Amino acid sequence: MSEPRELPARIVVAGDGPLGVLAAIGLRRALPTTELLVLALPPDPGAFAERIGTALPFTNRLHDRLQVGEDDLVRKAGASHRLVMRYFGGGGPGQQGAAGYGAAVDPAMATAFAREWGGGPRNAGTAAPPRSLGEVLAAAGRFAPPQGEAESPLADLDYALRWNVPAYRELLVGIAAQLGVQHARVDIRGFRPDGEGGIAALVAEGVGEIPGDLFVDCTGSRALLHSHLPEARQIDWHAMHPVRRIAMAEAGRPVLALEDRAAFTPLGWRWDLAGRDGLQTILGIAGEAGDEAISAALGEPPAAIVPFSPGRAEAPWLGNVVALGDAAARIEPLGGIAQDLAHRQLALLLELLPGRTVDAAERAEFNRRAALMADRAADWVAVHYAAPAAGELFPHLWRSPELERALDQYVRRGRTPFAEEAPMLVQEWGALLQALGVPSGESPLTAAAAGDENDGGRHFAARAEAALAAAPPYAEWVQELL
């Protein structure tokens with residue numbers, strides 16, 4: 001009979017941003033006898049996996065698992081809900097489309113109704129009618145998160161959250177403190193290697209050595225621990241992603257909306273992120289651009305412009321050091337994908353949960369799956385540049401073989417293939433491509449459903465009517481919860 005392995009005596013998390021604190025909460029809940037120490041370090045302005053307060057639906061499930069309550073996020077962290085991302089101009093002037101979330105994002109896609117009204121070339125260059133319940137509800141301004149009622153018309157609806165980053169971090173810090181997570185502000189001067197490719201102890205000014213069994217690097221794009229390990233290597237995404245700077249405007253007036261909006265500009269993309277504490281406008285800048293052009297695209301002079309260098313660690317777990325978030329992968333933050341990827345990395349670490357002695361096989365499995373996640377997330381960003389209008393603005397970008405295959409399948413057959421560890425479902429890929437105005441072929445399911453368009457239309461209309469009846473005005477629901 002095998003013996004249970006020894007648990008880590010101490011885990012050190014470098015970086016006390018939201019990701020570092022959430023990682024400490026997760027590890028503490030999984031390892032209640034392990035000492036958790038979070039080191040406060042100067043914030044990294046390029047840590048977009050933490051700096052922008054939104055993610056994708058996966059984060060809701062991670063929050064549930066770590067007992068970070070959604071109601072508390074609304075009450076204490078200024079959270080609000082996003083049902084769809086609306087894209088403008090991907091298929092050309094005047095074209096727009098909304099992409100929602102989840103497996104039920106577009107139930108009409110497999111019907112002749114969808115072929116006529118949502119799934120075929122007819123919508124590639126025009127504004128299509130609503131294709132998902134999320135889009136219907138967002139347009140009506142009606143929503144309340146389902147409370148577990150299986151029969152609710154809203155039960156299958158998936159959604160994302162946005163939040164105020166400082167308030168979100170404060171909420172997490174409070175939870176971590178209740179769990180006994182220690183917190184210290186230090187100035188790291190170096191580390192003592194363990195002779196096995198990892199770290200035996202950090203060396204901090206005025207403190208001396210800080211030993212640990214496992215070190216989690218949440219220091220942002222600087223990767224202060226991971227990047228100094230002898231085996232650290234980087235995979236470059238510059239040929240795939242054109243954005244080199246991220247500009248952010250001061251938060252504008254509060255906007256309580258169930259959709260966010262993104263558009264292509266000659267400089268890159270512009271993303272308007274709604275929020276109860278103010279509308280946040282973010283501009284991804286590709287290539288050279290002067291201050292005047294940036295201000296024009298952003299709508300006002302930027303409050304900050306941060307350099308951006310896309311890429312990922314070849315192996316985010318080296319020795320006993322695990323890199324998460326921007327320390328592991330620097331990805332354009334459009335739509336919340338950077339935060340989603342960081343949280344998937346954290347969930348994977350919690351799933352494998354290393355012991356006091358790192359198992360090489362577990363480390364290899366983490367690196368394999370984390371690499372697949374990062375590469376598919378990179379594909380998800382890159383597919384935005386496959387939109388017809390974006391392709392003209394940014395030609396000759398490199399695409400991975402997996403992305404080329406997905407685009408080929410969508411254009412010829414109206415579907416995208418499954419990919420292991422992909423952050424987005426097949427249905428979500430289809431909805432995104434459609435919202436971006438990429439013309440699709442006719443899928444076999446659509447062809448088989450020929451003649452059902454009236455039934456399909458009536459079914460969708462009935463579901464939409466039931467969802468609207470079940471959902472209160474969103475503003476009223478938020479006010480009642482507060």
Side-chain angles (χ1 to χ4, degrees), residues 22 53-86 98-110 118 130-164 168 171 175 255-260 273-276 335-336 339-340 343-344 347 423-428 430-432 435 456 458-482:
L22 188 65
T54 189
L56 297 173
F58 176 85
T59 292
N60 303 341
R61 294 185 280 277
L62 181 64
H63 282 157
D64 287 344
R65 176 181 172 185
L66 302 187
Q67 300 176 44
V68 179
E70 187 170 314
D71 286 355
D72 283 341
L73 289 168
V74 175
R75 291 191 184 101
K76 302 177 181 177
S80 59
H81 298 75
R82 179 176 65 241
L83 303 184
V84 294
M85 272 282 291
R86 183 170 296 279
Y101 308 108
V105 61
D106 192 357
M109 283 285 288
R131 298 174 298 105
S132 69
L133 296 184
E135 190 174 356
V136 171
L137 291 167
R142 302 181 73 91
F143 178 67
Q147 300 298 314
E149 318 92 322
E151 302 301 323
S152 169
L154 308 177
D156 294 332
L157 199 63
D158 225 341
Y159 55 83
L161 282 177
R162 334 169 180 94
W163 51 77
N164 176 285
Y168 174 66
L171 173 65
I175 295 172
V255 174
L256 188 63
L258 292 165
E259 70 173 33
D260 288 339
L273 179 63
R276 288 166 50 201
Q339 186 85 295
D340 177 87
H343 288 166
R344 287 176 187 272
M424 308 296 281
L425 301 172
V426 167
Q427 295 92 330
E428 292 171 317
L432 174 63
R458 282 194 291 269
H459 179 67
F460 181 75
R463 292 190 65 207
E465 186 176 349
L468 287 169
Y474 184 58
E476 292 183 10
W477 177 82
V478 170
Q479 191 60 42
E480 184 174 338
L481 184 63
L482 297 178

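These numbers come from a predicted model, not from an experiment. Residue indices begin at 1 and follow the sequence shown.
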Side-chain heavy-atom pair Leu137, Leu468 within 4.5 angstrom cut-off: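 Side-chain contact under 4.5 Å: yes.
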
Val74/His81 under side chain to side chain contact (heavy atoms under 4.5 Å, CB included): CA gap, chis, key distance, verdict: CA-CA 9 Å; Val74 175; His81 298 75; 4.1 Å; yes

Minimum-distance pair of heavy atoms, taken over all atoms of Arg162 and Ala257: NH2-O, 2.9 Å

Test applied, side chain to side chain contact (heavy atoms under 4.5 Å, CB included); reference residue, Tyr101; option that passes from Leu83, Asn60, Asp158, Leu425: Asp158

Shortest non-hydrogen contact from Leu56 toward Gly336: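 Of all heavy-atom pairs spanning Leu56 and Gly336, the closest is CG-O, 4.1 Å.
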
Sub-4.5 Å side-chain heavy-atom contact between Leu22 and Leu66: yes

Side-chain (Arg82) to main-chain (Asp260) donor-acceptor, under 3.5 angstrom: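 The answer is no, because no donor-acceptor pair under 3.5 Å joins these two groups.
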
Gap separating the CZ atom of Arg344 from the CG atom of Leu62, nearest 0.5 angstrom: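 Taking CZ in Arg344 and CG in Leu62, the distance rounds to 10.0 Å.
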
Pro145 versus Trp477, closest heavy-atom pair with distance: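 Closest heavy-atom pair between Pro145 and Trp477: CD-CZ2, 3.3 Å.
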
Least distance between heavy atoms, His63 atom then Leu73 atom: ND1-CD1, 3.5 Å

Closest heavy-atom pair and its distance - Gln67, Ile175: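 Closest pair (atom of Gln67, atom of Ile175, distance): O-CD1, 4.5 Å.
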
Expected output: side-chain Glu428 to main-chain Gly102 donor-acceptor under 3.5 Å: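 At least one qualifying donor-acceptor pair exists.
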
Nearest-0.5 Å distance, CD of residue Gln147 to CG of residue Leu154: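 Those atoms lie 10.5 Å apart.
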
CG-CG distance between Asp71 and Leu481, expressed to the nearest 0.5 angstrom: 4.5 Å

CA sep, side-chain torsions, deciding dist, call: Thr59, Trp163, side chain to side chain contact (heavy atoms under 4.5 Å, CB included): CA-CA 12 Å; Thr59 292; Trp163 51 77; 4.1 Å; yes

Gap between atom CZ of Arg463 and atom CG of Asp156 - 0.5 Å precision: 6.5 Å

Atom of Ala99, atom of Leu432 and distance for their closest heavy-atom approach: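 That would be CB-CA, 3.9 Å.
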
Heavy-atom side-chain contact between Arg61 and His343 under 4.5 Å: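 Side-chain contact under 4.5 Å: no.
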
Step-by-step side chain to side chain contact (heavy atoms under 4.5 Å, CB included) determination, Ser80 to Val478: CA-CA 8 Å; Ser80 59; Val478 170; 6.0 Å; no

Test item: Arg86 and Glu135 side chains (from C-beta on) under 4.5 Å apart, heavy atoms: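 They are in side-chain contact.
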
Distance, nearest 0.5 Å, that separates CZ of Arg276 from CG of Asn164: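 Atom-to-atom, Arg276:CZ and Asn164:CG are 9.5 Å apart.
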
Value rounded to 0.5 Å, distance of CZ in Phe143 from CG in Leu133: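 The distance works out to 11.0 Å.
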
